[in-house]
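See below for the structure under consideration.
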2 protein chains.
Amino acid sequence: MELSERKKKILSAVVEEYIISAEPVGSKTVLERSGLDFSPATVRSELAALEKAGYLEQPHTSAGRIPTSKGYRLYVNELMTKKKLDGDEAELITRELGSSREPEKLMGDAGRLATELTSYPALTITAPRALTVKRFELIYLDPNSFIIVLLLSDNAVKNKLVRLPFSFDESLLKRLSAVFNASFTGVAEEDMTPLMLESAERGANDPMGLTGVIASFAIESLKSARESETVFSGGESLLKLPEFRDSGKAHKLMSYFSGEGAQKLPVAGADGDVRVLIGPENIAEELKDTSVVLASYDAGDNTRGLIGVVGPTRMDYSKVAAKLSYIADGLSRLLSGGMLSPSGFGKLMISEGDDKREG
Amino acid sequence: MELSERKKKILSAVVEEYIISAEPVGSKTVLERSGLDFSPATVRSELAALEKAGYLEQPHTSAGRIPTSKGYRLYVNELMTKKKLDGDEAELITRELGSSREPEKLMGDAGRLATELTSYPALTITAPRALTVKRFELIYLDPNSFIIVLLLSDNAVKNKLVRLPFSFDESLLKRLSAVFNASFTGVAEEDMTPLMLESAERGANDPMGLTGVIASFAIESLKSARESETVFSGGESLLKLPEFRDSGKAHKLMSYFSGEGAQKLPVAGADGDVRVLIGPENIAEELKDTSVVLASYDAGDNTRGLIGVVGPTRMDYSKVAAKLSYIADGLSRLLSGGMLSPSGFGKLMISEGDDKREG
DNA sequence: GTTAGCACTCTTTTCTTTCGAGTGCTAATT
DNA sequence: AATTAGCACTCGAAAGAAAAGAGTGCTAAC
C-alpha cells in the first residue's frame with residue numbers, strides 16, 4: 001500500500017527530527033519541522049495511521065513517536081534526499097587516503113578517517129584472496145643469511161630475512177631461486193606443500209633444506225592473504241551518543257566487533273553501492289538496535305572489500321552513505337591500479353625528489 | 001616517619017580490599033581481611049591516624065576510607081607482595097607472542113595480549129630509532145617495473161614495487177644498485193637528501209631519474225623508523241569497571257590515548273623494571289584518577305620501547321606488573337636477536353619485513 | 001593501650017507527589 | 001469528508017520526604 005504524500009512528509013519529519021534529537025517526536029514538532037500547514041490534531045491522526053501501518057511506534061502511551069526499522073527502511077529507500085559530499089570533505093578524504101604510505105595500514109587509516117568524518121566507529125573487512133607467487137628472489141647477504149622476496153600475484157611484495165646457523169654460498173641461492181621460479185610460481189597455496197615434499201624427495205641439490213624454509217614462507221604468505229581480516233576502530237566515539245550512555249551496551253557492541261563478530265557481516269552485496277543494515281535486519285543479537293552502513297570497494301584482482309560504520313539505528317544515513325561511498329571510491333582507485341593522489345608514484349617520476357610533500 | 005607494623009597491615013588491607021570492591025573500606029572489613037585481632041574501635045583510631053598522615057581519605061564523613069595516591073605509592077613500593085606469574089599464563093604469553101608472525105603487528109598483538117590478561121586497555125610505544133640502510137637491492141621484473149629492497153641497520157627489510165611509464169633495462173638497475181651500495185649505505189636520513197641531489201648533479205648516468213625514486217623510498221623508510229609510534233587497544237575493557245560506568249570518563253581516557261596523549265608518557269625509565277604511575281603523578285589532567293603501569297623492553301639496536309596498561313588507580317598492581325614484565329621480557333627476546341618460540345621455522349627467522357604495493 | 005556504647009552524619013533507597021508533554025476522542029467547523 | 005478546537009487522560013520524569021543503613025568520632029570504662 002502506497003502512502004499518501006502527506007504521510008510521507010510526516011514520516012520524513014519524524015525520522016529526521018529523531019535522528020537529531022534522539023527523543024520521541026510529537027505532533028507539534030512534526031509541524032515545525034515539516035512546514036506543513038495543518039493543526040496538531042490532523043497530524044496526530046496521521047501519526048496514528050502510520051503507527052498502525054508499522055512505520056512508527058510509541059515508547060509509551062503519552063510519548064511522541066519514534067521510527068520503527070520498517071520506518072527507517074522506507075526512509076532510506078525512498079524518502080531520504082541523497083546528500084552530496086561537500087567539496088572540503090571530498091578533498092580531505094582524497095588527501096588523507098593518499099597520504100597513507102604503508103599499504104598494511106591503509107585499511108586502518110581509512111577506518112579512522114571514516115570515524116573522524118562520521119563520528120561513528122568504523123569497520124573494514126579486507127577480502128580474502130587466493131593468490132600465488134609470481135616471482136621468487138633470494139638475496140645473498142653473507143654466508144649465514146639471505147632475504148627471501150616474494151612477488152605475489154596481486155603485486156604485493158613480501159619479504160623475510162633468514163639467518164642460518166650454518167653457512168652456504170651464493171651459488172646455492174641462485175640455483176634454488178631458479179628452481180622456485182621454474183616450479184613454484186603460479187601454484188596455489190594448497191598445492192605447495194606436496195610440491196615441496198616432492199621436490200625434497202627428488203633431492204634437489206639442497207643439502208641444508210633451504211627449500212623448506214623458502215616454501216614455508218611462501219605458504220604462510222599465501223595463507224594470510226587467504227584470510228579475510230577485519231579492523232574495528234573508533235569505538236570510543238560511541239560513548240558520546242545518548243543511546244550508549246549506559247556503558248553496558250557500548251561494551252557489548254565494541255566487544256562484538258573487536259572480536260570475531262565482524263566476520264559475520266554479509267560481505268556479498270551490490271557492487272559499488274552502499275548498503276544499509278537497519279536494526280533487526282542485522283544478524284546478531286548484539287546489533288538489534290544498531291545499524292551498519294557498508295560500502296564496498298574494489299580491492300583489485302577481482303575481489304571486493306568492505307568499509308563501513310556502526311551506529312545507532314538513528315543515524316544520518318544520507319550523510320554517512322555519501323562519505324563512505326566517497327571513501328570506498330578512493331580505496332578502489334588506490335587499490336586497483338589508478339592513483340588517488342599526485343603524491344604517489346605516478347607523479348613522483350616527473351617531479352622527482354619532492355620529499356617535502358611526503359614529509 | 002616510619003609507620004608502625006600494625007598501621008602497615010591496616011593500610012594494606014584497605015588497599016587490597018578497595019582494589020577488589022571499589023567501595024570505601026570500613027573498620028569492620030579491615031579486621032576481616034587483615035586477620036588482626038582487635039576491636040573495630042582500635043582500627044578506627046588507626047584509620048584516623050593514617051588519614052591524618054595522608055595515606056587515606058574519606059569520600060564523606062560517614063563512609064569508609066579509600067587510599068590516596070600517597071597510600072597507593074607506599075603500598076606499591078613497600079607493602080605489596082610481588083606476585084609470581086603462574087605457569088599457565090607464562091606459557092600462554094610465550095606461545096601467543098611467538099605466534100605473532102608479522103613484525104609490524106607484533107606490538108599490536110602484544111598489546112591485545114596484555115589487555116586479555118589484565119582486562120585493562122593496553123598501550124605500546126615503539127622507540128624511535130635513527131637507522132641507516134645497510135644494503136640496497138633492485139630486482140628487475142620487466143622493462144617497466146622493479147622492486148626496491150632495503151635492508152636497514154636493525155635488520156628490518158623494507159620493499160616497494162615500482163612501475164614506470166617508460167622502459168629501462170636490467171643493466172641500469174645493476175649500475176644504480178652499485179652506486180647506492182657504494183655511497184648511500186650507512187647514511188643518516190638527514191644526510192640523504194643532499195647526497196641524492198649531489199649525485200643527480202653529477203649526472204650519474206641515470207637518464208630517467210630512478211635515483212630520486214629509490215632515494216625517496218629510502219628516506220621515507222628511515223623517517224618512519226625515526227618516529228615513535230603508539231598503539232592503544234582494548235579500550236572497551238574500561239567499560240566494565242564501575243569507575244567508568246559514566247561513559248564520559250571512559251571517553252576522555254580513550255580519546256586521550258587514541259590520540260596524541262600516549263606520546264607524552266615518560267619514555268625514559270629504569271631499564272627492564274616495571275614502573276607504576278599513580279593518579280596525579282601522571283602528566284595529564286585526563287589521567288588524574290588513572291594509573292599507568294609500564295614495562296620497558298629491549299627493542300634491539302640500543303633502543304627501548306614501552307608496553308603498559310591503563311586503568312583506575314585501584315588496580316591490582318602486583319598481578320599487572322608481573323604480567324607486563326613477562327610480556328616485556330618476551331618482546332625483548334624476540335626483538336633483540338634471540339628467538340622466543342621454537343615453533344616452525346621461527347628459529348631461523350630474525351626479521352620479517354612488510355610488503356609494499358604499488359597503487 | 002584497648003574496647004564497648006552511643007549519638008551523629010551523610011549517603012542510599014524507597015515511596016509519594018507533582019508536573020508536563022503528548023495522546024486519543026468527541027463534537028463543532030469549514 | 002476533512003480538519004480542527006477542546007478536553008480528559010496516561011504515563012514517565014523530576015522533585016520532595018521519609019526511612020534505612022553504614023560507618024564514624026568521642027567518651028568513659030576496662
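These figures come from a predicted structure and were not determined experimentally. Reckoned from all heavy atoms, side chains included, excluding hydrogens, waters and symmetry mates. By convention in this document, chain letters (A, B, ...) are assigned in the order of the sequence lines, proteins followed by strands, and residues within each chain are numbered from 1.
With sequence neighbours excluded, the residues forming a side chain to side chain donor-acceptor pair (under 3.5 Å) with Thr42(A) are Ser39(A), listed by chain and number. By the salt bridge (Lys or Arg N to Asp or Glu O under 4.0 Å) test, Glu89(A) is found to be paired with Lys323(A), residues two or more places apart in sequence or in another chain being considered. Residues passing the salt bridge (Lys or Arg N to Asp or Glu O under 4.0 Å) test with Glu243(B) are Arg314(B), sequence neighbours excluded. Here Lys7(B) pairs with Glu46(B) under the side chain to side chain donor-acceptor pair (under 3.5 Å) rule; sequence neighbours left out. Residues meeting the side chain to side chain contact (heavy atoms under 4.5 Å, CB included) test with Lys83(A), sequence neighbours left out: Asp316(A), Ser318(A), Lys319(A).
Shown are Leu324(A), Leu306(A), Leu265(A); of these, the side chain to side chain contact (heavy atoms under 4.5 Å, CB included) with Arg275(A) is made only by Leu306(A).
Applying the side-chain hydrogen bond (donor to acceptor under 3.5 Å, both in side chains) definition to pairs two or more places apart or across chains, those involving residues 277-291 of chain A are Arg73(A)-Glu281(A), Ser291(A)-Tyr317(A).
Relative to the six-membered ring of Phe38(B), Arg6(B) meets both conditions, a distance below 6.0 Å and an angle of at most 45° to the axis.
Boundaries of the chain A contact region on DNA chain D are dT3(D) to dG12(D), first to last in 5' to 3' order (nucleotide atom under 4.0 Å from a heavy atom).
For residues 26-36 of chain A, proximity to DNA chain D is found at no residue, defined as any non-hydrogen atom under 4.0 angstrom from a strand atom. Taking every heavy atom of residues 38-47 of chain A and every atom of DNA chain C, pairs under 4.0 Å involve Arg44(A), Leu47(A), by number. The stretch residues 59-70 of chain B touches DNA chain D through Thr61(B), Ser62(B), Ala63(B), Gly64(B), Arg65(B), each having a heavy atom under 4.0 angstrom from the strand.
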Identify every side-chain donor-acceptor pair in residues 23-33 of chain A under 3.5 Å, counting partners at least two apart or on other chains, and give the distances.
unit_1   : atom_1 : unit_2   : atom_2 : d
Arg33(A) : NE     : Glu17(A) : OE1    : 2.8

Side-chain donor-acceptor distances from residues 9-16 of chain B under 3.5 Å, at least two apart:
unit_1   : atom_1 : unit_2   : atom_2 : d
Ser12(B) : OG     : Lys8(B)  : O      : 3.1
Glu16(B) : OE2    : Tyr75(B) : OH     : 2.9

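Heavy-atom contacts from other residues, nucleotides or ligands closer than 6.0 Å to CG of Asp86(A) number more than 12.
Taking every heavy atom of both residues into account, Tyr18(B) and Pro67(B) meet most closely at CD2-CD, 3.7 Å.
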